[in-house]
Amino acid sequence: MSYEANTNLEEGPASSVPSSPFGHLVDGLNGLGSIVIGLVMVLMCADVFMRNAFNKPIDGVAELVAASIIVIVFLQLPGTLRHGRMSRADLFIDPFLLKRPRAGLRLRALFSLFGVFACAVIAYATRPLLVKAWTNDEFIGIEGVFTFPTWPMALVVTLGGVLAAVQYALLAWHDLRSSASAPATGGARHE
């Protein structure tokens, strides 16, 4: 489990992440998110073709694309964290890790704990929306033209938030465990 991403596109992906049932679940959801991206691209191209060729746009494309963006983000968020692909500003943490590895790992663990909190809040706040959408049979779209239930989106956001919180907790645990054996200072000292 590493934050460090392999940014060299010529090399294969770094496989520092241990295999586990949780990892397979996260990677499977990440793959599902990629499939949704492909389906959205096909749908948008078909809509453009139908609109231009026959002046008959596909109903509900705008609603489905808007809903799919949310779904894609939360399907892929835990996998993005798991493989160290989350965007972050390295101006501070990377030099700090080099100078003070133990403190840097502990600080990174603290950042991960904030991630646990944020994702848990998202999951907690979305759960009532999921229950409401399920019980009230809520939908998006225009009745009689195109409708789509909202509960699948709320389910994916809730599940994605929970899994991202678990992934952040695993990252925090890994960094705290690594900090126990890390040297207090790193590199050569300049005096």
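When hydrophobic clusters are built by joining Ile, Leu, Val, Met, Phe, Trp and Tyr residues whose side-chain heavy atoms come closer than 4.5 Å, directly or via intermediates, L43 is not grouped with V48.
Closest heavy-atom contact between L155 and L130: N-CD1, 3.7 Å. A pairwise comparison of heavy atoms in E63 and I140 identifies O-CD1, 3.9 Å as the closest pair. Counting all heavy atoms, side chain and backbone alike, P101 lies closest to T185 at CD-C, 3.6 Å.
Here CE of M153 is found 10.0 Å from CG of L129. Values are rounded to the nearest 0.5 Å. Put simply, CE on M44 and CE on M41 are 9.5 Å apart, with the number rounded to the nearest 0.5 Å.
For residues 141-162, no residue pair satisfies the side chain to side chain donor-acceptor pair (under 3.5 Å) rule, not counting sequence neighbours. Identified under the side chain to side chain donor-acceptor pair (under 3.5 Å) test for residues 31-56, with sequence neighbours left out: S34-Q76, D47-R51.
In terms of the ring-ring contact (aromatic ring centres under 6.0 Å, His included) criterion, F114 has no residue partners (sequence neighbours excluded).
When only modelled atom types and interatomic distance are considered, D27 and H83 share a side-chain donor-acceptor pair under 3.5 Å.
Side chain of R102 to backbone of P183: no donor-acceptor contact under 3.5 angstrom is found. Between the side chain of S20 and the backbone N or O of G23 there is at least one donor-acceptor pair closer than 3.5 Å. Formation of a donor-acceptor pair under 3.5 Å by the S178 side chain with backbone atoms of D175 is not found in this model.
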